Amino acid sequence: MANWDYVLKFIICGDAGVGKSSLLVRLTDQRFLANPDPTLGVEFGSKLIHIPEEDKTVKLQCWDTAGTESFRSITRSYYRGAAGCLLMYDVTSRASFTNARSWLADVREHADPNLTCILVANKIDLCEEGSPAGGKQRAVSTDEGQNWANEESLLFVEASAKSGKNVDVAFFEASRDILDKAKRGI
Ligand code: GDP
């Protein structure tokens, strides 16, 4: 018998370099590669998580858009069946935050309208006091990220694939929202 209650498909979108592969490696393998080989980008990862409120175990199946960023629009097959989306930007890159708008437009155009989307502001380790640049690398403030997420009805979290901060939380929050919607019949 399967040792999970639900299987949830997640897609991870965002510009090249924001840390999508790194987030997936962190989630599934609890490690960080400082110099990942782009040609070996992880495209798929799977992990079991437990949602205590529901007493349910969820199997996450996560797909990275590895290699597709340059096409900007992704084929429908990639979005098919996705229950959740991690829309990522890099807090040290203004352009990646600006481009998150067109990623969201793409998701909204092709994915299920009820898809749960969480905006993930990655690389916050570079903004912390004591980081190599003394926390001066931030290009997008927490408020800006949060405000845009609110406007677009997205969940929001600041995370770091490098330190692992909030990586599990991002998937956990999104999964909880998906199960909650399912319970309410949305
Ligand atoms: P992708 O193209 O979106 O899949 O991005 P990658 O996962 O290949 O990461 C791009 C670069 O950013 C790599 O050099 C990573 O080591 C680095 N990187 C990814 N996540 C983080 C993070 O949270 N903090 C820092 N400091 N660097 C990161």
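The structure presented is a predicted model; accordingly, all values stated were derived computationally and were not measured. By convention here, the first residue in the shown sequence is residue 1. Order of listing sets the numbers, starting from 1, for every ligand and every atom in it.
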Per-atom contacts, ligand 1 versus Ser21 - under 4.0 Å to a heavy atom: 4 (O), 7 (O)
Proximal ligand 1 atoms for Ala16, defined as those under 4.0 Å from one of its heavy atoms: 2 (O)
Proximal ligand 1 atoms for Phe32, defined as those under 4.0 Å from one of its heavy atoms: 16 (O), 18 (N), 19 (C), 20 (N), 21 (C), 27 (N), 28 (C)
Ligand 1 contacted by Asp15 (non-hydrogen, < 4.0 Å): yes
Contact partition for Asp125 relative to ligand 1, non-hydrogen atoms under 4.0 Å: side chain
Atom indices of ligand 1 within 4.0 angstrom of Lys20 heavy atoms, with elements: 1 (P), 2 (O), 3 (O), 4 (O), 5 (O), 7 (O)
Passing option when Cys85 is tested against Leu119, Ile12, Leu115, Asp112 for side-chain contact (heavy atoms from CB on, under 4.5 Å): Leu115
Considering all heavy atoms, the nearest Val140-Ser93 contact: CG2-O, 4.2 Å
Salt-bridge present (Arg94, Glu144; N to O < 4.0 Å): yes
Pair Ser163, Asp125: side-chain N/O donor-acceptor within cut-off below 3.5 Å: no
Any N/O pair Leu126/ligand 1 closer than 3.5 Å: no
Shortest reach to atom 7 (O) of ligand 1 by a heavy atom, considering only Ser22, Ser93, Ala161: Ser22
Carboxylate-amine/guanidinium contact Glu53 Lys183, below 4.0 Å: no
Candidate list Leu48, Ile49, Val58, test side-chain contact (heavy atoms from CB on, under 4.5 Å), partner Trp4, passing option: Leu48
Backbone or side-chain N or O of Asn122 under 3.5 Å from ligand 1 N or O: yes
Side chain to side chain, Asp15 and Trp103, heavy atoms closer than 4.5 Å: yes
For atom 10 (C) of ligand 1, the option (of Gly17, Ser160, Cys13, Ser163) bearing the nearest heavy atom: Gly17
